[in-house]
Amino acid sequence: MRLDLLAIAAHPDDVELTCGGTLIKMARRGYKTGILDLTAGEMGTRGTPETRAKEAAKAAKLLGVSWRGTLGVPDSDVQPTRQHKLKLAAVIRELRPKTVILPYWEARHPDHYHASTLGYEGCFLAGLKQLPIEGEAYRPFKILYSISYADARPTFVVDISKEFEQRRKAILAFQSQFRPAKGEPKSRVFLAIDRLEDEMNQLARHYGQMIGVRYGEPFLTKELMQVEDVVDLPVRSI
Ligand SMILES: [Zn+2]
């Protein structure tokens, strides 16, 4: 298996919420896409790991990804340890993605910022020939940081207007997270489905507006973007 694009995140449903539209768009363009969930989300307040696995598989289908896997890191304990980095490096060598999407390096949830470091360092190590793991040394070419929930200015925004509806379906596949089971009392952490949907809309609208389209997903790169043709640039200035 050789992927064009791999999105790595801490918990199942993180990818759907932050860059699901971009994954759909790239799959529709014919690229081979994939998702690596670092944990199985077993600390989630709702639903069992089995339910989450089923939901993740359903969401993967809706996103059109060719591959989805779990690294097996314990939920709420995502740390850039040597052991986890080697495990991740082995997956990178196996999937050989050209581009990798990682969470932004600053976040409220420790799993999210640790996932960023673990992801970066795992990708780096995968390229070291002397690493004591199987597989041919390989390092992804490009790393994009997904910044949907971060307080940072994006380097670029992907227009997901055509993919927005499908992304919504993929997010709602994780219904155990957002809907109480029958007879279950509503807890305080219960995130009402309508509130979540409202938030999703607002964020995608906000970033869409920044590039003059209906819906968008923001990304940041540490390196600058190179431009060849300054006459043929999208996004109107005035
Ligand atoms: Zn998460």
Side-chain angles (χ1 to χ4, degrees), residues 5-24 33-60 62-63 65 68-81 84-85 87-88 91 100-123 143-152 154 167-179 187-193 195-204 207 217-220:
L5 177 64
L6 175 68
I8 301 175
H11 317 107
D13 85 3
D14 283 354
V15 161
E16 284 77 2
L17 286 162
T18 56
C19 57
T22 303
L23 285 182
I24 295 166
T33 59
I35 299 170
L36 177 63
D37 303 309
L38 296 177
T39 77
E42 65 271 20
M43 295 297 281
T45 31
R46 328 193 66 79
T48 60
E50 293 73 33
T51 318
R52 274 203 146 188
K54 250 186 229 163
E55 291 171 342
K58 190 180 167 196
L62 289 163
L63 295 176
V65 298
R68 183 168 205 157
T70 308
L71 198 66
V73 172
D75 191 356
S76 84
D77 195 25
V78 175
Q79 302 275 355
T81 62
H84 293 156
K85 281 189 260 185
K87 232 173 149 183
L88 178 54
V91 175
V100 168
I101 298 176
L102 295 179
Y104 186 55
W105 55 86
E106 276 175 11
R108 186 184 65 88
H109 195 318
D111 276 1
H112 293 166
Y113 57 77
H114 284 316
S116 188
T117 311
L118 174 55
Y120 180 88
E121 295 183 0
C123 287
I143 292 187
L144 312 177
Y145 293 90
S146 164
I147 60 158
S148 277
Y149 297 96
D151 182 18
R167 185 186 84 153
R168 202 181 141 261
K169 283 183 196 157
I171 292 170
L172 297 186
F174 290 91
Q175 52 172 304
S176 72
Q177 289 307 293
F178 311 120
R179 251 186 263 263
S187 75
R188 250 182 297 166
V189 289
F190 172 62
L191 180 56
I193 198 97
R195 205 187 107 201
L196 175 85
E197 226 184 314
D198 192 47
E199 275 178 21
M200 276 156 48
N201 272 320
Q202 279 188 30
L203 271 176
Y207 287 110
E217 276 174 351
F219 295 90
L220 187 147

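Worth knowing before you read on, the calculation uses all heavy atoms, side chains too, and leaves out hydrogens, waters and symmetry mates. Note that ligands are numbered from 1 as they come in the structure, with each ligand's atoms numbered from 1 the same way. Residues: numbered from 1 along the sequence shown.
Judged by distance alone, with hydrogens and angles left aside, the side-chain atoms of H112 form no donor-acceptor pair with the main-chain N or O of P103 at under 3.5 Å.
With rounding to the nearest 0.5 Å, the separation of CG in L17 from CG in L196 is 6.0 Å.
A donor-acceptor contact closer than 3.5 angstrom links the side chains of Q202 and D198.
Taking the six-membered ring where tryptophan is involved, the planes of H109 and H11 are tilted, since the angle between them lies from 30° to 60°.
The shortest heavy-atom contact between L102 and S116 is CD1-O, 3.8 Å. The minimum heavy-atom distance linking L6 with L36 is given by the pair CD1-N, 3.8 Å.
Each protein N, O or S atom less than 2.8 Å from the Zn ion (ligand 1) was counted, giving 4.
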